[in-house]
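Quick note on labels: first sequence line is chain A, next is B, and so on, each numbered from 1. Just so it is clear, the values below take in all heavy atoms, side chains as well, and ignore hydrogens, waters and symmetry mates.
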Amino acid sequence: MRNGRTLGRAVTMWLALALAMAAAVGMVSGCAKETAAGSLVVKGSDTLVNLSAAWAEAFMEANEGVEISVQGGGSSTGFKALIDGMADLANASRPIKDSERQALEAKGKVPVAHVVACDAVNMVVHPSNPIRSLTMQQLSAILTGQVTNWKSLGGEDRPITVYSRETSSGTYAFVREHVMGDQDYVFSARLMPSSESILQAVSQDATAIGYVGLGYVTEAVRVLAVAVDDASPAVPPSIETVNDGSYPVARPLFVYSAGEPGDLGKAFIEFCTSEAGRAITEEMGFVPVGS
Amino acid sequence: MRSTLSLRPGPRPRRRATEGRQAELVLAGLASCSLLALGLIFVFLVKEALPLFKSYPFEDFVRGLEWQPTSTNVRFGLVPLLAGTFLVTLGAAVIAVPLSLGVALFVSEVAPKRIRELLKPGLELLAAIPSVVYGFFGMVVLARWLQGVFGLTSGLNAFNGSILLAVMALPTMVTLSEDALRAVPESYRNASLAMGASRWETMIHVTLPSARAGVAAAVILGLGRVIGETMTVLMVTGNAAQISFSFFDSVRTMTATIAAEMAECAWGTPHYHALFAVGAALFLITFVFNAVADILLRRGARG
């Protein structure tokens with residue numbers, strides 16, 4: 001009997017607690033809402049689709065009545081939708097092509113580019129590796145398996161072991177597109193399930209080279225400086241060198257609008273590079289832009 | 001015969017018939033539910049795998065030597081993944097079979113009761129360790145150790161996976177083969193001892209051969225667990241989709257491929273269907289393993 005009553009009291013207490021929490025959540029979210037209604041269709045780059053969706057989610061949470069739909073399909077798909085008027089904004093991991101610009105201008109609109117984030121990776125090697133920098137061409141040769149020994153790059157006589165992210169990772173695709181000219185990774189490349197496991201493996205393997213997002217580096221690995229080509233200086237990666245465009249294993253990511261964006265579009269793009277937007281950018285493994 | 005797999009009904013006490021029949025019906029319903037689930041899972045796997053072969057030749061999938069699922073020129077070759085699974089499983093078998101046979105013989109034939117009571121729960125506890133913990137251990141501790149002992153550039157290889165999977169297979173193999181050994185009638189042993197054979201000779205020449213069907217089933221079921229294990233191999237084998245027959249090379253297993261790629265692979269793409277095709281192949285392999293184990297157990301039960 002007494003047990004029954006204690007149980008009943010405990011249940012009541014938990015219910016009350018849950019109610020109180022729900023009320024608190026309701027009040028907080030109620031306060032944060034601003035008023036700006038309307039809808040946006042954002043379409044394009046698969047690189048940007050997850051980041052863009054995360055921004056849209058946070059933006060919709062902060063602005064009641066706003067509907068933002070984010071779709072992937074690739075940068076070209078996004079530009080096509082922008083030209084056809086099927087999308088308000090186009091996500092792109094490359095600048096607009098001349099043909100796409102002309103098609104848009106034929107409709108009486110001028111493409112306007114907004115840089116919302118950057119893609120960038122650190123190339124890392126074992127701390128005992130005497131190599132300090134590589135060129136983009138050397139990186140490509142290593143990752144595709146054309147060069148298999150550090151000696152031919154001016155290092156010690158050791159084989160090269162490539163550590164990469166999984167095939168489904170955006171970073172894997174970025175490196176393949178941006179560094180390797182869309183060639184395939186060498187078959188012996190070890191595909192690691194996370195950036196942490198790449199760091200762990202590279203820190204233990206004197207033959208290793210791997211790549212991780214800009215924020216991931218630890219003391220246990222050496223970060224390489226990268227040069228565009230033999231004639232250029234090697235640049236170490238940092239948020240500054242990525243933003244000023246001097247670090248080559250990086251690319252700006254764009255949102256394009258046809259003409260100046262409307263109020264809602266403008267607010268959304270501004271949100272992407274705001275304090276809150278930049279926090280999301282970093283969380284999703286990209287480099288935030290803007291100050 | 002004591003066995004965890006063939007639970008045969010004993011003689012049934014005659015009591016109220018209707019109550020018994022109702023219970024039987026409920027149990028039969030539950031049992032057929034699991035069969036139905038099995039069938040539906042297989043149908044689902046095949047249904048999701050088949051669309052791949054509209055855009056990608058079946059022959060190239062089964063005999064393809066390259067797995068490049070997100071290349072500009074995609075290739076979904078099963079062979080490197082099959083080879084990876086085979087190599088890791090073979091290594092695990094070579095380590096786990098003698099070890100678990102030894103342990104099972106010790107526990108069932110040699111060990112005093114008190115040691116047995118300590119050893120069995122300890123072994124079963126091995127099965128309770130989450131596979132991600134095994135993987136973490138392999139990545140951080142075992143990889144470094146292998147690297148030092150064998151002078152390798154990296155400890156993330158097939159051998160690392162084999163060692164961990166062997167340990168993970170031990171509980172299944174030991175428990176089931178110990179059951180098989182204990183099911184050998186005491187009279188066999190007594191007869192052998194009475195003929196002047198030593199305990200060792202009795203164990204090796206009488207007890208073990210009498211239990212061979214059950215022991216073989218134990219080994220096969222243990223290996224079934226090894227083939228299906230995912231997280232550990234994903235973390236410790238390095239996942240290079242290359243065809244290699246060296247235990248010190250990195251390999252990529254079928255399970256690791258599915259786990260790593262399914263999460264972010266776009267729905268309805270050839271890549272998505274290819275992963276289901278890999279899953280269906282894996283299902284077929286474990287199905288054959290379990291069927292063989294079951295047939296062996298039945299043969300053992302018949303005597």
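- Contacts with chain A (heavy atom to heavy atom, under 4.5 Å) involve these residues of residues 69-80 of chain B, listed by number: B/Pro69, B/Thr70, B/Ser71, B/Thr72, B/Arg75.
- Within residues 177-196 of chain A, the residues that have a heavy atom under 4.5 Å from a heavy atom of chain B are A/Asp182, A/Asp184, A/Tyr185, A/Phe187, A/Ser188, A/Ala189, A/Arg190, A/Leu191, A/Met192, A/Pro193, listed by number.
- Contact of B/Val140 with chain A is made through backbone and side chain together, with heavy-atom distances under 4.5 Å.
- A/Ser69 and A/Glu67 are not linked by any side-chain donor-acceptor pair at a separation below 3.5 angstrom, with hydrogens and angles left out of the test.
- For the residue pair B/Glu261 and B/Trp67, a side-chain donor N or O sits within less than 3.5 Å of a side-chain acceptor on the partner.
- At distances below 3.5 Å, not a single donor-acceptor pair connects side-chain atoms of A/Asp119 with backbone N or O atoms of A/Ala250.
- Looking at A/Thr161, only its side chain comes within 4.5 Å of chain B, counting heavy atoms on both sides.
- At a heavy-atom cut-off of under 4.5 Å, chain B is reached by A/Gln204, A/Asp205, A/Ala206, A/Thr207 from residues 202-214 of chain A, listed in order of number.
- Between B/Pro57 and B/Phe61, the closest side-chain pair of non-hydrogen atoms is not below 4.5 Å.
- Pairs passing the ring pair (Phe, Tyr, Trp, His ring centres under 6.0 Å) check and including a residue from residues 126-168 of chain A, sequence neighbours excluded, do not occur.
- Using bins of under 30°, 30° to 60° and over 60° for the plane-to-plane angle, the ring pair B/Phe283/B/Phe287 lands in the parallel bin.
- Your options are B/His271, B/Glu66, B/Met235, and the one with the most heavy-atom pairs under 4.5 Å with chain A is B/Glu66.
- Judged by distance alone, the side chain of B/His273 and the main-chain N or O of B/Glu48 form a donor-acceptor pair under 3.5 Å.
- Within the 4.5 Å cutoff, no side-chain heavy atoms of B/Thr255 are placed close to those of B/Leu234.
- Shown here is A/Arg132, whose CZ atom has more than 12 heavy atoms of other residues, nucleotides or ligands within 6.0 Å.
- Inspection of the A/Ser52 and A/Asn91 side chains reveals an N or O donor paired with an N or O acceptor under 3.5 Å.
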Stepwise side chain to side chain contact (heavy atoms under 4.5 Å, CB included) check, B/Leu142 with B/Leu146:
CA-CA 6 Å; B/Leu142 192 57; B/Leu146 287 174; 4.3 Å; yes

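- B/Asp249 and B/Ser244 form a side-chain donor-acceptor contact under 3.5 Å, judged by distance and modelled atom types alone.
- Although no hydrogens or angles enter the test, the distance criterion places a donor-acceptor pair under 3.5 Å between the side chain of B/Thr237 and the main chain of B/Val233.
- B/Glu229 and B/Thr232 share a donor-acceptor pair across their side chains, judged by distance under 3.5 Å alone.
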